[in-house]
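Below is one structure, written out as structure tokens; comments come after it.
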2 protein chains.
Amino acid sequence: ALEKNGCNDLVIIGGVSRPDFKNIRVDVGALKALPFLLSLRKGGDDHVLSRVVRFFEQRGYRVHGAGDVLPELLMPEGTLTQRAPSADDETDMALAFKVVRALGQLDIGQAAVVASGRVLAVEAAEGTDAMLDRCAELKRQGRSYGTASGVLVKAPKPGQEERVDMPTIGPETIVRAAEAGLSGIAVAAQHVLIAECKRTIDTANERKVFLYGTPWAEQEPGNAGETGNKPDA
Amino acid sequence: ALEKNGCNDLVIIGGVSRPDFKNIRVDVGALKALPFLLSLRKGGDDHVLSRVVRFFEQRGYRVHGAGDVLPELLMPEGTLTQRAPSADDETDMALAFKVVRALGQLDIGQAAVVASGRVLAVEAAEGTDAMLDRCAELKRQGRSYGTASGVLVKAPKPGQEERVDMPTIGPETIVRAAEAGLSGIAVAAQHVLIAECKRTIDTANERKVFLYGTPWAEQEPGNAGETGNKPDA
């Protein structure tokens with residue numbers, strides 16, 4: 001379908017699900033692509049998405065990231081909200097970034113929640129929304145042990161194909177984080193997309209949740225977690 | 001209450017929840033222990049449990065692990081079921097053990113699920129049962145992408161206080177793993193408890209889920225993951 005319409009540039013936005021092999025429509029293009037589609041059944045998400053990009057590039061398309069086309073969608077550095085991270089939040093953020101880096105190295109997920117020094121939840125295939133709902137459930141059960149705090153951290157995996165799978169937050173993320181009783185959200189600046197930026201910030205202010213962009217140096221996975229998490233305060 | 005009854009030895013069995021500060025009964029003993037109880041509000045689970053053990057030891061109690069008292073509860077090496085891990089399962093097991101070791105080093109959790117090379121779920125504060133229910137949900141949504149496989153791996157965290165927080169599996173674990181469509185469960189031999197051993201194995205055979213004890217060398221976190229996961233076949 002892309003060929004017929006003379007399209008040569010692709011911007012891939014939004015979540016990418018693995019193909020569901022029960023529902024694939026078999027047309028000629030799909031038959032030609034079948035060995036490729038079958039190869040997507042194995043491996044971590046990042047592995048799969050890089051291959052999707054390569055698949056299109058090998059066929060002559062240029063693949064752009066949403067951030068290349070609309071840089072104003074990228075999370076800036078610093079605090080975007082009235083509420084800023086407290087010293088306790090910073091401690092939780094530092095641990096959560098350490099966890100997310102460890103997850104990323106194993107191509108597991110892009111997000112984690114830490115509250116009072118304890119890792120409440122870690123994202124794998126279920127995605128950030130389901131992870132936050134789980135934290136809200138832990139809170140309801142009294143298993144987040146009464147702290148009215150906690151930080152969601154999101155960052156890309158090392159070497160992640162950011163053109164197709166950039167971590168994203170939006171108003172829904174804020175609402176779910178608030179339901180889970182978190183004090184805020186910290187993400188890797190310039191490496192996370194904010195959907196509906198104004199509404200996201202307004203929602204965060206209403207819900208008294210902070211939104212913080214942490215300087216992010218992908219090339220120094222060893223120490224950037226320690227040095228890169230301080231608000232400029 | 002322990003003092004009055006001349007009890008000097010403790011065996012702590014079962015899940016340990018953090019104290020819920022709303023419901024603690026204030027008696028003299030609790031008042032004396034208050035600074036200690038408050039200190040339990042921070043840090044990872046392992047950190048907390050080690051302090052619980054130290055608390056009792058400092059008061060002259062001997063704390064025993066369930067495995068010391070009833071060694072027959074400990075998972076042995078090798079396959080316990082009619083079904084044994086396939087070559088694909090072994091690959092998933094190796095990755096899952098690598099993930100669990102990485103989690104353990106950060107005091108996050110004791111379990112992970114890997115299917116076809118992809119990390120489906122990682123355990124943090126929610127526990128293994130909730131994690132398996134999540135995998136069943138991913139399967140229902142078609143997001144485990146149609147593979148009728150996957151392995152649950154459970155192992156202790158490095159330096160974990162095994163006397164109070166030994167990872168445990170039982171018939172319920174088997175049922176939930178089967179619901180999630182997993183082919184089996186692999187755990188660190190001698191470092192995981194099996195509750196109701198016979199019923200657990202019978203349930204696994206009924207559900208055609210394998211149960212495998214992987215040789216486990218806690219002192220070599222670097223390479224034991226690679227060398228220690230082969231079934232003796």
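Quick note on labels: first sequence line is chain A, next is B, and so on, each numbered from 1.
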**Asked** Listed by chain and number, what are the side-chain contact (heavy atoms from CB on, under 4.5 Å) partners of B:Val187, not counting sequence neighbours?
**Response** B:Met75, B:Lys154, B:Ile169, B:Ile185, B:Val192
**Request:** Quick one: closest heavy-atom pair of B:Leu138 and A:Ala125, and the distance?
**Result:** CD1-CB, 3.9 Å
**Complete:** So CG of A:Leu103 and CG of B:Leu106: to nearest 0.5 Å the spacing works out to 8.5 Å
**Prompt:** Going from CD on A:Glu137 to CD on B:Glu126, what distance comes out if it is rounded to the nearest 0.5 angstrom?
**Reply:**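 So the gap between those two atoms works out to 11.5 Å.
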**Asked** Can you find a pair of side-chain heavy atoms, one from A:Asp107 and one from B:Val119, that are under 4.5 Å apart?
**Response**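 When only atoms from C-beta onward are counted, B:Val119 and A:Asp107 do not touch, as no gap falls below 4.5 Å.
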**Asked** With sequence neighbours left out, which residue pairs that include part of residues 174-185 of chain B fulfil the salt bridge (Lys or Arg N to Asp or Glu O under 4.0 Å) condition?
**Response** B:Asp129-B:Arg176, B:Asp133-B:Arg176, B:Glu172-B:Arg176, B:Glu179-B:Arg207
